[in-house]
Every structure is written in structure tokens, then in C-alpha cells.
Amino acid sequence: MRIMYVGPVHYGSTCGMRMQAMQELGHEVFAVPTTPPTHSTWISAFPSRVMRRLRHPLDEVGANRLMRAAAATEKFDLIWIDKGLGIRPQTLRAVRAAQPHAVVAGYSPDDMAGRHNQSAYFLKGLPLYDVYFTTKTYGVEELKALGVPRVFFSGNAFDPHVHHPRDITAEQRKQLGGPVGFIGDYEYERAAMMYGLAKNGIPIRIWGPNWEKNPLQHPNLRIEHRVLLGDDYGTAICAFDVNLGFLRRINRDKQTQRSIEIPACAAFMLAERTDEHLALFEEGVEAAFFGSDEELLDKTRFYLEHPDERERVAKAGLARCLSGKYSYHDRLAQCLVDIRDEMAL
């Protein structure tokens, strides 16, 4: 197929990983970026932050203009829009008019029924999509209620170019890893759980944004105020003995992208126990889970003291990612099958 791929395809983004997977599946992809080429440029721009908070995000790179221009001069089978908060409804109407035979599909790994993940443009444009894919099971009915005619669940995934096993050197472990690690955004609940571990003698290293908000400081909490992307991200996962997998309350998570990315690296994951995690990985065999602060502490201590058991579980987790077909290539291939079946593409 010829695909117009619209989204934040900057280096290290999962959107870019999905676009590359579509290319590797054999499709001809025309990219329309919705953000500047580097994550840091986009995330730190003050006007952008303000307008996103006001739910009218800026179109800093002219994505709407690029979409209309491409639709007017090229022929596409599929218009794939990754999250698309800044895509105007009038742009979707113009693209649909210029490409009457193309399917307009949306995708997001976020909780799009949550106000913090929405924009005014996004909400007004939803009825103009033919189909939408969400990684949130509860999002299927919620997106239908917001006006999308067809909505499918697509599980979180890993990119084999980034999320794969690595042999870690002592220097890499010093730079990026340690006994226990967490990679992700600040949220008070996850900070409190790690503070509880730190108070009980567990050294933890944290990578990610917004941790300056954290009021819970402890000598055993080492916070690196930096976002890890691409190879650094995959290397850090492999450089931790225990990778913590916390859910995000504001997104009503039952699984996250880390839920797949950590095992795909053949790294050990200790995550919050949910029905969706238990469906993805067999507990105690392919991943470890916890349901309370006490269980988190007990299991962290146990697995730190039993490296052979950690390695066994980590290897089995990778095997499940492969046999379960959790890669972006597999997930997106199924999305395209769903589109063909529904839309007779």
C-alpha cells in the first residue's frame, strides 16, 4: 500500500518505530512529521507547552499544510495519523475530499478519553476517521462514544531494532544502570513506591522527565533528570538487574509500553499485577508482578539475591514476546488486516 504516515516521528519516538515497521512490512510510506526532528526541541519549547495545555497545540512544522499538499498531488491507500492532536478537522476534510478512496486511520498509545491527552482539534476530528486503534482496552467503547465509527484494540509492542538483548559492559552499567531501575515520567504514586524501597535499603536509579516535582528525596534514590531515547534506552534496560514496571494512574493503565519493551530486551521485569499483565506473561515464569508495597519490597529483595532466577525469567519473557508476536511488525500487520476486513481496502 501507499501510506501517508502522520505523526511525531522524531528520533526515539515509538511513532517513528511504527513508521519504520510499516516500511519493513513492504509498504511505501510518505512521512508527514508533526513535531520538530528532535525530542528535546519539541518538549522544551515554552509556547508549545502552553498551547498544548490550552488544548490548541501549535502546528510548528506545518503538518496540516504538508498533508493537504501531499493529498492534492499523490495517491494514497491509507492515511495513518499517529495521535494527531494538532491535525485540524478542516485538514481531514480536505484530505478525504482529495483522496476519496483512501482509508483514514488513527492510532494512539495513550488514554485518549482523558482530557490531558486530548485537544479541541482531536475531538472535533474524530468522526472524520474511518477507524481508530487504541492500546487501551477500555478505549474501544470510549472512542466509539466520541464519534469514531470503528475502533480496535492493538496491544503494546516492541521494536526489535531498539528493544533487544545486549551484552552490557561495566562502563555502560556505570553510566546507565544499577541494581534497580525505573525509566519513565514522574507520578506521585510510583515515586512513593520507590521511596518505600529506598527507605528499606534498596538503591534505585530513575531516568525520565518531570522528576523535579518529586517531594520524596532519599540517598538511595538517584534521579537522573534526562529522557533516554533509542539505543540509550534499550541499553539502560539491559543494564539494570531489576526493571520496575509502574502503571500510570492518570492513564488508567493496565499495561504500558514498558510492559513489552523490558522483556523484549531479555531484561528482568517486576511490574504491577493486572489482568492484562497476567495475560501477556506467566507470573513467576516470564515476568514477576506485585500487588502491594510489601510484595514489591519482598520480591525486589528476592530477585536481587537470586541472579540465576532473574536470568531464567528474563529469557522466558523474551521468548514470550517472540512467540506471542508482540513486535510492532506483528501488531501493525494485524491492524492492516483489520482495516482490509472492515473497509474492503
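FYI, the numbering just counts along the sequence from 1.
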Verdict with supporting geometry, Arg150 and Asp341, salt bridge (charged side-chain N to carboxylate O under 4.0 Å, His left out):
CA-CA 12 Å; Arg150 301 171 184 83; Asp341 289 347; over 6 Å; no
Sequence neighbours excluded, which residues qualify as salt bridge (Lys or Arg N to Asp or Glu O under 4.0 Å) partners of Lys299?
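Salt bridge (Lys or Arg N to Asp or Glu O under 4.0 Å) list for Lys299, sorted by chain: Glu283, Glu295.
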Do [X] and [Y] belong together in a cluster built from hydrophobic side chains that touch within less than 4.5 Å?
| X | Y | value |
| --- | --- | --- |
| Leu221 | Val227 | no |
| Phe76 | Leu128 | yes |
| Ile262 | Ile206 | no |
| Leu318 | Phe240 | yes |

[Y] and [X], any side-chain heavy atoms less than 4.5 Å apart:
| X | Y | result |
| --- | --- | --- |
| Leu176 | Leu228 | yes |
| Val6 | Trp80 | no |
| Pro89 | Tyr121 | yes |
| Val131 | Asp338 | no |

Would you please indicate yes or no on a ring centroid separation below 6.0 angstrom for Tyr233 and His163?
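Centroid distance His163-Tyr233: below 6.0 Å, so yes.
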Step through it carefully: locate the ring centre of Phe133, locate the ring centre of Tyr107, and say whether they are under 6.0 Å apart.
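So the answer is no for these two rings.
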Taking the six-membered ring of Tyr303, is NZ or CZ of Arg310 closer than 6.0 Å to its centre and within 45° of its axis?
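The answer is no, since Arg310 fails at least one limit relative to Tyr303.
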Stacked cation flag Arg252 on Tyr138, 6.0 angstrom / 45 deg:
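Pair Arg252/Tyr138 counts as cation-pi.
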Please round to the nearest 0.5 Å and tell me the distance separating atom CG of Leu332 and atom CD of Glu24.
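Reported to 0.5 Å precision, the distance equals 11.0 Å.
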Donor-acceptor pair between [X] and [Y] side chains, under 3.5 angstrom:
| X | Y | answer |
| --- | --- | --- |
| Asn251 | His116 | yes |
| Gln255 | Asn156 | yes |
| Ser154 | Arg331 | no |
| Arg248 | Thr256 | no |
| Gln217 | Tyr195 | no |
| Asp330 | Gln334 | no |

For Asp82, what residues pass the side-chain hydrogen bond (donor to acceptor under 3.5 Å, both in side chains) criterion, not counting sequence neighbours?
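Partners of Asp82 by the side-chain hydrogen bond (donor to acceptor under 3.5 Å, both in side chains) criterion, ordered by chain and then number, come out as Tyr5, Arg18.
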Heavy atoms only: give me the nearest [X]-[Y] pair and the separation to one decimal.
| X | Y | result |
| --- | --- | --- |
| Gly139 | Val151 | O-CG1, 4.3 Å |
| Ala279 | Tyr326 | O-OH, 4.4 Å |
| Leu247 | His277 | CD2-CE1, 3.8 Å |
| Leu322 | Phe158 | CD2-CZ, 4.1 Å |
| Pro149 | Tyr129 | CD-O, 3.2 Å |

Take Arg249 and Glu189, measure what salt bridge (charged side-chain N to carboxylate O under 4.0 Å, His left out) needs, and give me the verdict at the end.
CA-CA 8 Å; Arg249 301 300 185 270; Glu189 289 79 4; 5.6 Å; no
Applying side-chain contact (heavy atoms from CB on, under 4.5 Å), run through Met17 and His161 and close with a yes or a no.
CA-CA 9 Å; Met17 296 174 192; His161 300 293; over 6 Å; no
Return yes if some donor-acceptor pair links the side-chain N/O of [X] with the main-chain N/O of [Y] below 3.5 Å, else return no.
| X | Y | result |
| --- | --- | --- |
| Thr235 | Asp231 | yes |
| Asn64 | Gly86 | yes |
| Ser13 | Pro8 | yes |

Can you name the one residue among Arg312, Arg320, Lys315 that meets salt bridge (charged side-chain N to carboxylate O under 4.0 Å, His left out) with Glu286?
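Per the salt bridge (charged side-chain N to carboxylate O under 4.0 Å, His left out) rule, the option paired with Glu286 is Arg320, out of Arg312, Arg320, Lys315.
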Basic-acidic side-chain contact under 4.0 Å: Glu141, Lys144:
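Judged by the 4.0 Å cut-off on N to carboxylate O distance, Glu141 and Lys144 do form a salt bridge.
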Charged N-O contact under 4.0 Å between Asp253 and Lys136
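Yes, this pair counts.
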Mind jotting down which residue pairs meet the side chain to side chain donor-acceptor pair (under 3.5 Å) criterion with at least one end in residues 196-208? Sequence neighbours excluded, please.
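Of all non-adjacent pairs touching residues 196-208, those that pass side chain to side chain donor-acceptor pair (under 3.5 Å) are Arg205-Glu224.
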Assess the residue pair Leu296 and Leu270 against the criterion (side-chain contact (heavy atoms from CB on, under 4.5 Å)); give the C-alpha distance rounded to whole Å, side-chain angles, the decisive distance to 0.1 Å, and a yes or no.
CA-CA 8 Å; Leu296 170 60; Leu270 176 57; 3.8 Å; yes
